[in-house]
Amino acid sequence: MKFMKLGSKPDAFQTDGDKIRYVATELATDIAVNVGDVKFYLHKFPLLSKSARLQKLVALSNEENSDEIHILDIPGGAAAFEICAKFCYGMIVTLNAYNVIAARCAAEYLEMYETIEKGNLIYKIEVFLNSSIFRSWKDSIIVLQTTKSLLPWSEELKVVSHCLDSIATKCCIDTSKVEWSYTYNRKKLPSENGDDSHWNGVRTQKVVPKDWWVEDLCELQVDLYKRVISTIKTRGRISGDVLGEALKAYASRRLPGFSKGMVQGGDIAKNRLLVDTIVQLLPSGKGEVSCNFFLKLLKAVILLDCGEMGRIELMKRIGQQLDEATVADLLVRAPAGETTIYDVDMVQSLVEEFVTQVQDVHTDLHMENEYHEIRSPKFVSDASKLMVAKLVDGYLAEVSRDPNLPISKFIRLAESVSSFSRPSHDGLYRAIDMYLKEHPGISKSERKKICRLMDCRKLSPDACLHAVQNERLPLRVVVQVLFFEQMRASAASAGDSTPDLPSSIRALLPGGGSHGSSRSTTTNAEDDWDAIPTIDEIRALKGELAALKLGNSDVTKNNAEKVSGNKMKGMLISKKIFSKLWSNKDRNGEISSSETSESPGSSNAEETKSSTPSRSLRHSIS
């Protein structure tokens with residue numbers, strides 16, 4: 001820390017209790033100066049030789065035949081006045097970053113100008129500030145902190161603006177020119193830890209990180225921090241990602257629990273002001289602030305009930321970068337009074353914001369392409385949509401554990417990304433299965449609706465194997481899974497031929513039936529196919545899938561003759577199992593005509609909630 005010593009005489013100021021200060025000399029004091037509740041017994045001559053204001057006050061007291069004057073509003077109070085008084089006496093006084101601004105403001109109040117005496121206190125302090133304090137990184141920060149208690153004097157004397165300029169200039173300087181000490185407790189650079197692989201035993205110049213200044217500024221109160229960051233931004237030399245890191249570090253330091261996605265304790269009003277300020281200071285460029293930080297800020301905004309404008313801005317920014325988020329980022333607790341555990345409505349809004357952003361991009365590209373060719377960011381856009389689709393699948397799998405989650409919210413969120421093409425529906429299947437597991441009491445119509453969300457053709461072999469054994473899925477879905485697995489095995493064998501299945505079975509598959517057929521028969525058959533399969537049926541389907549996998553495995557090892565034989569064997573087994581399942585139903589008088597089944601993504605009228613019908617009529621197939 002820089003300091004400056006003034007004067008050469010020893011300090012002769014003495015105290016008598018907490019409220020009395022006097023100068024211990026042979027000459028008796030001739031004036032009493034009351035500064036607040038502290039009384040100073042001093043001598044007129046040294047004071048009047050350097051202070052124009054004291055000259056006026058003493059002259060006024062002489063007219064009133066009084067040897068006492070009162071100073072109530074001097075900036076810095078009694079401590080600052082004592083520094084000025086000691087300077088007048090020529091006694092040794094030490095100025096540093098903690099007291100120099102108070103002394104400067106007090107000297108201004110006492111009018112200690114060069115016109116009164118050459119080399120007066122104001123001049124000496126200005127030299128010290130410009131030659132030492134404002135050239136020091138940490139002293140500039142300390143001085144800025146002291147200015148807050150000295151307003152408006154420190155503002156009018158432009159001390160605050162000089163501090164801001166000094167700090168901003170140092171933050172924007174080329175890192176190769178940073179020669180002063182700074183605080184940096186985060187992840188060190190390899191060269192800073194002595195682990196640089198290029199060291200080779202030769203001492204190299206230390207590399208200064210771009211965000212070297214971030215932690216030291218966290219010492220500032222929010223109002224001063226806002227002014228510093230605003231000044232830095234106006235310079236235009238600090239990248240947005242570094243500013244984002246600075247704001248993240250400040251939030252983590254000033255908001256207890258922020259790094260864990262919560263705000264614990266503290267003054268609510270101060271915390272609210274801090275969060276609102278950080279939101280205002282966020283850099284505007286896309287990708288300059290991580291989506292994780294945005295979501296933590298959004299959680300804080302919700303917890304602290306901050307302004308609606310800040311919430312809207314954050315939702316918009318998160319929507320632009322939703323593909324960067326993780327499931328853990330989105331698990332925000334629902335507001336008080338809600339029955340659900342997590343705030344699914346908030347995530348729904350974020351996904352809708354992302355969809356809007358994608359639509360806006362596509363609209364802009366279409367308009368630009370009408371005039372000239374541009375390089376389309378289609379691949380990036382498709383990758384982002386795929387990431388968001390997977391994110392929603394994972395999120396739904398987590399929130400499905402909530403027994404109070406309405407199926408309408410599940411379906412609405414899943415349908416928000418249904419237009420995003422993705423090669424696999426395994427994640428969506430996992431979410432649906434989790435919901436069915438945690439909500440066993442939903443009706444058959446609801447079970448049918450939620451299962452329509454996934455495309456059985458996009459399930460992996462492992463997911464298919466799980467689905468065929470899944471007692472929670474309607475039999476219709478299990479049959480579809482088995483059929484598409486058969487098609488996959490056939491295609492892998494030697495060509496793309498579809499098994500020759502009865503029309504009654506094809507009616508259960510997407511697009512397999514005639515949508516204009518009569519619906520005059522009873523609904524028992526439809527209900528039975530939408531019902532949960534029995535254990536015997538699951539065993540039969542599992543055995544069929546195993547036969548398919550065995551046949552497909554043999555294909556890759558045997559010659560062309562064996563390939564054809566295994567293919568025919570698999571098709572015959574599949575046809576046999578489908579026929580037996582259907583004949584079991586037909587034998588019991590449940591079906592009198594072929595009925596259709598809509599595709600997994602289509603809509604169907606809501607059916608009334610009913611219990612699962614008895615399985616006593618179904619036969620075991622082995």
Side-chain angles (χ1 to χ4, degrees), residues 1-7 11-15 17-23 31-42 46-58 68-114 116-117 120-130 132-134 136 139-164 166 219-221 223-224:
M1 179 184 292
K2 305 291 184 180
F3 66 92
M4 179 176 71
K5 282 189 176 182
L6 299 175
D11 186 354
F13 271 66
Q14 303 292 322
T15 53
D18 295 333
K19 307 297 183 182
I20 303 295
R21 301 283 286 164
Y22 64 94
V23 179
I31 189 171
V33 182
N34 293 281
V35 182
D37 58 353
V38 179
K39 179 173 287 190
F40 290 84
Y41 291 97
L42 305 172
L47 299 178
L48 302 186
S49 65
K50 291 181 172 60
S51 171
R53 190 181 189 97
L54 288 177
Q55 290 177 6
K56 299 171 189 175
L57 292 174
V58 169
E68 199 166 315
I69 61 177
H70 295 271
I71 300 176
L72 303 177
D73 55 349
I74 184 172
F81 175 80
E82 185 173 335
I83 291 175
C84 295
K86 287 180 179 179
F87 175 80
C88 293
Y89 277 91
M91 296 178 185
I92 297 175
V93 60
T94 302
L95 296 178
N96 55 46
Y98 290 100
N99 63 12
V100 66
I101 301 303
R104 174 66 181 87
C105 294
E108 186 71 25
Y109 177 89
L110 295 173
E111 301 175 14
M112 301 175 74
Y113 304 132
E114 287 295 283
I116 302 300
E117 183 178 88
N120 213 335
L121 185 56
I122 291 178
Y123 170 77
K124 291 186 179 295
I125 291 178
E126 286 293 329
V127 171
F128 177 53
L129 288 173
N130 294 319
S132 298
I133 294 295
F134 292 146
S136 168
D139 284 349
S140 296
I141 296 174
I142 294 171
V143 164
L144 181 60
Q145 290 174 299
T146 65
T147 60
K148 190 173 181 179
S149 62
L150 297 167
L151 295 172
W153 286 88
S154 57
E155 197 76 64
E156 293 172 356
L157 295 174
K158 300 187 182 303
V159 174
V160 176
S161 61
H162 286 159
C163 286
L164 294 174
S166 170
E219 301 298 328
L220 297 173
Q221 295 295 322
D223 52 344
L224 293 175

Check this for me: [X], atom [atom1], are more than 12 non-hydrogen atoms of other residues, nucleotides or ligands nearer than 6.0 Å?
X      : atom1 : value
Tyr113 : OH    : yes
Tyr123 : OH    : no
Asp18  : CG    : no

Is there a side-chain contact between [X] and [Y] in this structure, where contact means two heavy atoms from C-beta onward sitting under 4.5 Å apart?
X      : Y      : value
Asp139 : Ser132 : no
Leu42  : Phe13  : yes
Glu108 : Leu157 : yes
Lys124 : Leu95  : no
Leu121 : Leu6   : yes

If you compare all heavy atoms of [X] against all heavy atoms of [Y], which two are closest, and at what distance to 0.1 Å?
X      : Y      : answer
Ile116 : Ser49  : CG2-O, 3.4 Å
Ser154 : Ile101 : CB-CG2, 4.4 Å
Pro75  : Ala106 : O-CB, 3.7 Å
Cys84  : Leu110 : CB-CD1, 3.7 Å

Taking the side chain from [X] and the backbone from [Y], do they hold a donor-acceptor pair closer than 3.5 Å?
X      : Y      : value
Asn120 : Lys50  : yes
Ser140 : Ser136 : yes
Thr147 : Val160 : no
Gln55  : Leu48  : yes

Please round to the nearest 0.5 Å and tell me the distance separating atom [atom1] of [X] and atom [atom2] of [Y].
X      : Y      : atom1 : atom2 : answer
Ile83  : Cys88  : CD1   : SG    : 12.0 Å
Glu117 : Met112 : CD    : CE    : 8.5 Å
Asn34  : Lys19  : CG    : NZ    : 12.0 Å
Cys105 : Ile122 : SG    : CD1   : 10.0 Å
Lys148 : Leu224 : NZ    : CG    : 6.0 Å
Leu47  : Leu54  : CG    : CG    : 5.5 Å

Considering residues at least two apart in sequence or located in another chain, which fulfil the side-chain hydrogen bond (donor to acceptor under 3.5 Å, both in side chains) criterion with [X]?
X      : value
Gln145 : none
Lys86  : Asp11, Glu82
Tyr89  : His43

For Phe81, which residues count as a ring-ring contact (aromatic ring centres under 6.0 Å, His included) partner, sequence neighbours excluded?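 For Phe81, the residues satisfying ring-ring contact (aromatic ring centres under 6.0 Å, His included) (neighbours in sequence not counted) are Phe40.
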ring-ring contact (aromatic ring centres under 6.0 Å, His included) partners of Phe128, counting only residues at least two apart: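 Phe128 satisfies ring-ring contact (aromatic ring centres under 6.0 Å, His included) with no residue once adjacent residues are dropped.
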Could you walk me through whether Met91 and Val23 satisfy the side-chain contact (heavy atoms from CB on, under 4.5 Å) test, starting with their C-alpha distance in whole Å, then the side-chain angles of each, then the deciding distance to 0.1 Å, before giving a yes or no? CA-CA 11 Å; Met91 296 178 185; Val23 179; 3.8 Å; yes
Under the side-chain contact (heavy atoms from CB on, under 4.5 Å) criterion, do Glu111 and Lys56 qualify, and how do the steps go? CA-CA 11 Å; Glu111 301 175 14; Lys56 299 171 189 175; 3.2 Å; yes
Which pairs pass side chain to side chain donor-acceptor pair (under 3.5 Å) with one or both residues in residues 91-101, sequence neighbours excluded?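 Qualifying pairs: none.
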